[in-house]
Each structure stands twice: as C-alpha cells, then as structure tokens.
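Let me begin by presenting the structure, written as structure tokens, before commenting on it.
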Amino acid sequence: MKKYWITLTYIVFIVLIIIPLLKIGSGAFSEGFSGWKDALIRPEAIHALMVTGLVVVVVTCINTLFGVMMAIYLVRSHWLSNKIKGFLNSIVDLPYAVSPVIGGLMIVLLLGPESIMGGFFENIGFRVVYAFPGMVIATLFVTFPLMVREVMPVLQEIGAQQEEAASTLGAYGWTTFWKVTWPSIQWAVLYGVVLTVARSLGEFGAVLVVSGNIMNKTQTATTLVYQDVENFNVIAANSVALVLAAISIGLLLMMEWTKRRKGVS
Amino acid sequence: MHIEVRNLNKHFGDFHAVKDVSFEIEKGHLIGLLGPSGGGKTSILRMLAGLEGLDSGEIRFHGKLVNALPPQERGIGFVFQNYALFKHMTVFDNIAFGLKVKKIPHAKVKSRVMELVELTGLKGFEKRYPHQLSGGQRQRVAFARALAPEPQLLLLDEPFAAIDAKIRQELRTWLRDLIERVGITSIFVTHDQDEAIEVADEIMIINQGRVEQKGTPWDIYKEPKTPFVATFIGESTLIDHISELKGFEEVKNDSGTRALIRPEYIEVGHEHEFILASATEAGIIRHLHFRGSEWLVEVEVAGHKLITYRSLEKETLSIGQEVRVLVHRAYLFNEERSWIMENRLKDVPIPIMI
Ligand SMILES: Nc1ncnc2c1ncn2[C@@H]1O[C@H](COP(=O)(O)OP(=O)(O)O)[C@@H](O)[C@H]1O
Ligand SMILES: [Mg+2]
C-alpha cells in the first residue's frame with residue numbers, strides 16, 4: 001500500500017513540476033541559446049528583472065525588520081493586552097486568507113489617485129499606486145505572515161527566562177537581543193528571509209493590480225511573462241520564466257540548508 | 001542587604017495572587033519561602049527582582065525604595081527554577097555574561113570566572129555547553145552565573161526541584177555552606193518542608209498569596225500561628241471533639257473548636273512505662289508499620305484514631321493489644337483564634353523528644 005502512495009507522489013511531482021520545468025527549458029531554447037539571450041536583453045526584460053530585484057530587496061529588508069519586531073511584540077510584550085495580541089495575531093494571517101488580487105485591489109482603493117490618502121500623497125508629489133511604493137506595499141502585504149510565523153514559535157519555545165536572566169545580570173534590551181535572543185532565532189529568521197525572497201520574487205496578482213503593468217516603468221518579471229504570453233511571444237515568456245525558475249531552485253536548496261541548521265541549533 | 005517589603009499586592013487579571021505581603025530580612029540571612037504550589041512564592045521573588053511589576057506596596061533595599069528600579073539596577077542574582085542557562089554559550093561565557101555586560105576588563109573577567117568555577121566545583125567543564133551537563137552541574141553554573149557580578153541579594157526559585165532525589169541532599173548541604181561562605185543575603189523558594197527546615201535560617205510560610213507565619217523552623221514547628229501552618233508543617237491528626245480525650249474535657253464542643261495532635265505529642269505503651277499513669281487512658285492498637293528506625297503506631301482512643309511513633313528499644317506492641325495512651329498537648333483552633341493546650345492532668349512537665 002505504502003509503495004503505491006510513494007509511486008503516486010512521484011507521478012504527481014513529475015507531472016506538476018518536472019514536466020512544466022522541462023517544457024519551459026525547451027521553450028526558452030527552441031531557437032537556440034541566442035533566442036534565449038535576445039529575449040533577455042530586450043530593454044523591457046532587463047528593466048522588469050531589475051524592478052523585481054529591487055522589490056525583492058526592499059520588501060525583504062522591511063519584512064525582516066518588522067516581522068521580527070512583530071513576532072517579539074506578540075510573544076513577549078507585557079504592555080499589550082491579551083485581546084489586542086489576539087487581534088493582531090489574527091491580522092497577521094489575513095494575507096493567507098485573502099487572495100493577493102483582492103489585497104492589491106484594497107491597496108488601490110485605499111491609496112489610489114481617487115482616494116483621499118492617495119490624493120494627499122499625489123499632491124505632495126509622491127505617487128503610491130501604479131508606482132514602485134505601491135508594488136512594495138502590495139508585496140509586503142502578501143509576504144508579511146512569513147517572517148512572523150517563522151519566528152514566533154521559536155520565541156515561544158525558548159521562553160522568556162533566558163532574557164530575564166540576562167536582565168537580572170545587568171543587560172539591557174539591545175544587548176539581550178543580540179547576545180541572547182538572536183542566536184536562538186537566527187536560523188528561523190534566515191529561513192523567513194528565504195521564504196520572503198521566494199514569495200516576493202514570484203508574486204503576480206497583487207503586483208499586477210497595483211502596478212498597472214506599465215512597460216519599462218512598473219513591469220516586473222512575472223507580469224512581463226504574463227504580457228509575453230498574451231502577445232504569443234512564447235520564447236520570450238519561457239526565457240524569463242526560466243530565469244525565475246532557476247532562482248527558485250537555488251532558493252529551494254538554500255531553504256533545505258537553513259532548515260537543517262534550524263533543527264541543529 | 002537588608003530587605004523590607006510592605007503591603008505587597010499583585011493581581012493577574014482578576015486573580016489576586018499576592019495579598020498584602022509584608023516582611024523584613026536581616027542582612028546575611030538565608031530565608032526559605034515555603035508553601036504549596038500556586039501560593040505566590042515565585043511571584044514574590046519575581047517582584048523582588050523587578051521582573052514583575054507590583055500593583056501596590058513598597059520594596060526597600062537598605063531602606064531605599066526600589067519599586068521603580070529595573071532588574072538591571074537592583075544588584076540581584078536570580079537562579080531560575082529550570083536554570084535558564086544561555087544555551088548557545090559555554091559554561092565560561094555563561095558565568096562571564098554579567099561581568100562582560102558591565103564592561104569589566106578582560107583579564108579581571110577571566111580571573112573572576114575561574115574563581116567561581118573553582119568555588120562551584122566546575123573545573124574542567126568551562127568549555128562545555130549547557131546541554132552537555134548533568135542537572136546538578138547546570139544548577140551550579142546557574143549559581144555561579146548569578147554570583148559572578150557580586151549581587152547583594154540572591155534569589156533562588158526551587159533550586160533543587162529538577163534534580164534527582166539522590167544528589168539533591170548533597171547539593172542542599174553544598175548550597176548552604178556556599179551561601180554561608182559568600183555571606184550573601186538569600187531567599188529561596190521551595191515546596192518541600194524538609195528542604196526548608198534543613199537549609200533556611202528562617203522560614204516564611206506562604207499560602208494563597210499570604211504570609212501565614214515567619215520564624216525559625218523550630219519556632220514554626222513548636223508554635224504554629226495558624227491552622228494551615230500546623231497542618232502544613234510536620235505530621236498531625238485532626239480531631240473534631242477533643243473533649244472526648246482524657247485531660248481535655250474542659251474544651252467546649254459547641255464553639256466549633258477543633259484540635260491537631262502531632263505524633264510526638266502522644267505517648268503509647270504499657271501501664272508501667274508511664275510515670276503519670278493517672279493521666280493515661282485506654283487504647284487499642286489498630287495498625288503497626290515498621291519505619292526503619294521506629295514503629296508508626298495507629299491507636300484507637302475513645303473512637304478517635306491517633307498516630308504516633310514508638311522506639312524500637314521499647315517492648316514491641318502487637319495489633320489488637322490494649323495499651324495506655326497519654327496525649328501531652330494539642331493544638332486547638334476555631335474561627336477566632338488558635339492556641340496550644342497542655343494536658344490538664346499532667347502537672348509534672350515531661351521532656352519530650354521530637
Ligand atoms: N503570568 C501570570 N499570569 C497569570 N497568572 C499567573 C501568572 N503567574 C502566576 N500566576 C498565578 O498566580 C498564582 C501564584 O503563582 P506562583 O507565584 O507561580 O506560585 P508558586 O511559585 O507559589 O507556585 C498561581 O495561581 C498562578 O496560576
Ligand atoms: Mg513557583
């Protein structure tokens with residue numbers, strides 16, 4: 001019985017992942033290496049990959065900082081009442097429950113040029129929606145639970161006592177964080193970083209709604225692939241997709257490695 | 001450090017965990033906080049350390065109010081129930097932590113740590129990590145770490161709870177000696193009365209958030225101030241109608257007065273063993289248990305089952321045998337008060353061994 005399940009798992013794995021991956025590879029190189037290269041050195045492709053890279057870097061930095069802070073507040077703070085903690089705790093999971101497209105739409109409605117807040121920003125010359133800030137906010141919305149949910153259980157497991165011991169020994173917050181808390185959570189944070197990078201790299205729905213998909217301006221790698229497919233430019237679509245897939249495989253390997261370290265420490 | 005606590009109160013939500021607790025501790029004394037689980041002992045300790053805020057009351061060290069002082073500035077060493085060692089640091093780094101935080105020069109840190117390693121018998125283990133140590137060794141590390149910055153007050157939360165019964169005894173003596181040698185004011189929490197009696201200069205009995213009694217172990221044993229203390233410390237039998245026992249007839253039944261009788265208040269034996277045979281009354285041996293160094297005797301007197309001990313040196317009794325029983329004294333209490341009453345028929349005080 002067990003044997004059949006294993007076989008079935010492999011079949012699903014091959015059908016869903018390996019075959020499409022091979023298909024992307026063969027599609028990208030159907031006109032040889034130069035076809036792939038030409039697709040990638042199109043100005044809009046270079047620009048889209050750069051936008052994606054920038055979004056990934058900014059989102060990962062912000063999400064790491066605020067995710068770790070949020071996790072610490074939710075687990076450790078005495079000054080937040082349990083009700084508020086419970087409320088924040090369920091808010092963290094909101095992006096899991098809400099479709100990214102809806103999330104993007106909420107941002108457009110809240111911060112779009114027609115909204116009050118958006119109008120205010122527009123007036124001071126700061127465009128949010130259909131521009132880079134909006135894309136960062138949309139991607140943050142989607143990735144926010146990843147870091148919090150990685151770090152919270154580790155903080156809960158180690159408990160507050162090591163930190164309390166540090167405080168009775170004369171260490172203040174910052175020293176305690178770096179000397180006592182950080183060594184325990186560092187691998188969980190790194191794992192969260194990898195997850196965030198992977199998720200923001202591949203985000204499509206929320207970004208599509210918020211960015212308006214303007215070529216050479218707000219187009220990202222994923223929305224470029226979408227546009228190429230729309231235009232029946234199969235080789236170009238596959239070429240960009242292959243780059244994304246290669247990065248994903250790299251991230252996957254890194255995840256495995258951090259997971260193992262997380263278990264050890 | 002001289003410690004003074006006044007009207008300490010602490011609520012957790014609606015739950016009143018610490019109720020109007022007041023006490024004073026002399027410099028250099030070792031105090032045991034003893035009481036059942038959930039009584040508020042840990043909460044009191046944590047408030048002293050500044051780890052827990054207090055709702056009302058005053059904590060003074062050397063006469064100075066420290067209510068608003070954070071734990072970092074109270075000069076306290078805290079040994080946690082499960083030690084809370086820094087698990088990613090070696091024994092050396094654990095002990096050195098409090099010194100490095102204070103930016104003490106490297107060479108001085110090293111010599112102080114080595115001194116403590118020596119003192120706590122951890123020599124050769126400096127490079128190990130907490131997970132490579134036994135429970136007893138971890139406890140020593142926690143102890144050394146707390147002592148390293150030379151605190152004025154040492155707080156220990158159930159320091160032996162997580163240790164095998166076998167080495168617990170050994171560690172108790174070790175801790176007692178060490179605290180004496182260092183000469184530091186210390187408070188330790190326990191729910192084990194033997195431990196408290198053995199280690200502490202003074203005991204505070206804590207129950208349901210209140211201090212029931214504070215005093216030397218001997219005082220508390222001899223003169224319990226509340227029924228709770230009387231039942232909690234030592235062994236005892238609870239009797240509802242003590243007036244049915246000889247020598248206690250004048251205690252009124254209707255006042256709701258009840259009595260506690262400790263095994264060592266009771267003498268049991270043959271008539272010729274008693275000097276004051278007139279004060280004894282008849283009893284029947286119901287059970288005999290051999291306790292290694294003595295017999296535990298269950299004897300029935302006027303319908304009451306009493307428990308006492310009998311030396312192995314004396315003639316052995318047997319179950320069902322008729323014997324004479326002398327109740328020297330009883331601890332009496334009712335709603336309003338509690339007092340100790342000597343057997344009225346016993347004019348000549350007999351020294352009792354406890
Ligand atoms: N952080 C807390 N939140 C809510 N209740 C608590 C907290 N800490 C302690 N309590 C409650 O306060 C009471 C006293 O606890 P504690 O001081 O730990 O007692 P002890 O150390 O004597 O066993 C217990 O009933 C416990 O459930
Ligand atoms: Mg406790």
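In what follows, chains carry the letters A, B, and so on, assigned in the order in which the sequence lines appear, proteins first and then strands, with residues in each chain numbered from 1. Computed from a predicted structure; not experimentally measured.
- Rounding to the nearest 0.5 Å gives a distance of 10.0 Å between CZ of F80(B) and CD of Q162(A).
- For CZ of F132(A), the number of neighbouring non-hydrogen atoms (other residues, nucleotides, ligands) closer than 6.0 Å is greater than 12.
- Heavy atoms closer than 4.5 Å to chain B are found in both the backbone and the side chain of A166(A).
- Heavy atoms of other residues, nucleotides or ligands lying less than 6.0 angstrom from NZ of K85(A) number more than 12.
- Nearest heavy-atom pair, A84(B) versus A165(A), reported as atom, atom and distance to 0.1 Å: O-CB, 4.1 Å.
- Within residues 33-66 of chain B, the residues having any heavy atom under 4.5 Å from a heavy atom of chain A are, by residue number, R46(B), L51(B).
- I158(A) has its side chain within reach of K87(B): a pair of non-hydrogen atoms, C-beta onward, lies under 4.5 Å apart.
- For W79(A), the CH2 atom is densely surrounded, since the number of other residues' heavy atoms within 6.0 Å is greater than 12.
- Of the listed residues G75(B), G98(B), P70(B), the one with more heavy-atom pairs under 4.5 angstrom with chain A than any other is G98(B).
- With a 6.0 Å radius and a threshold of 12 heavy atoms from other residues, nucleotides or ligands, F120(A) has its CZ atom at or below the threshold.
- Of the inter-residue distances, the one linking N94(B) atom CG with L169(A) atom CG reads 9.0 Å to the nearest 0.5 angstrom.
- Contacts with chain A (heavy atom to heavy atom, under 4.5 Å) involve no residue of residues 2-16 of chain B.
- One N or O on the side chain of H88(B) and one on the backbone of K179(A) form a donor-acceptor pair closer than 3.5 Å.
- Contacts between residues 127-160 of chain B and chain A, counted as heavy-atom pairs separated by less than 4.5 Å, involve R145(B), A146(B), P149(B).
- Contacts between F86(B) and chain A at a heavy-atom distance below 4.5 Å involve backbone atoms as well as side-chain atoms.
- The neighbour count for L16(A) CG, taken as heavy atoms of other residues, nucleotides or ligands under 6.0 Å away, is above 12.
- Between the side chains of Y172(A) and E73(B), at least one donor N or O sits under 3.5 Å from an acceptor N or O.
- Residues P71(B) and E164(A) are not in side-chain contact: their nearest non-hydrogen atoms beyond the backbone lie 4.5 Å or more apart.
- When the heavy atoms of residues 110-122 of chain B are compared with those of chain A, none of the residues falls under 4.5 Å.
- The environment of CD in Q161(A) is crowded: more than 12 heavy-atom neighbours from other residues, nucleotides or ligands sit within 6.0 Å.
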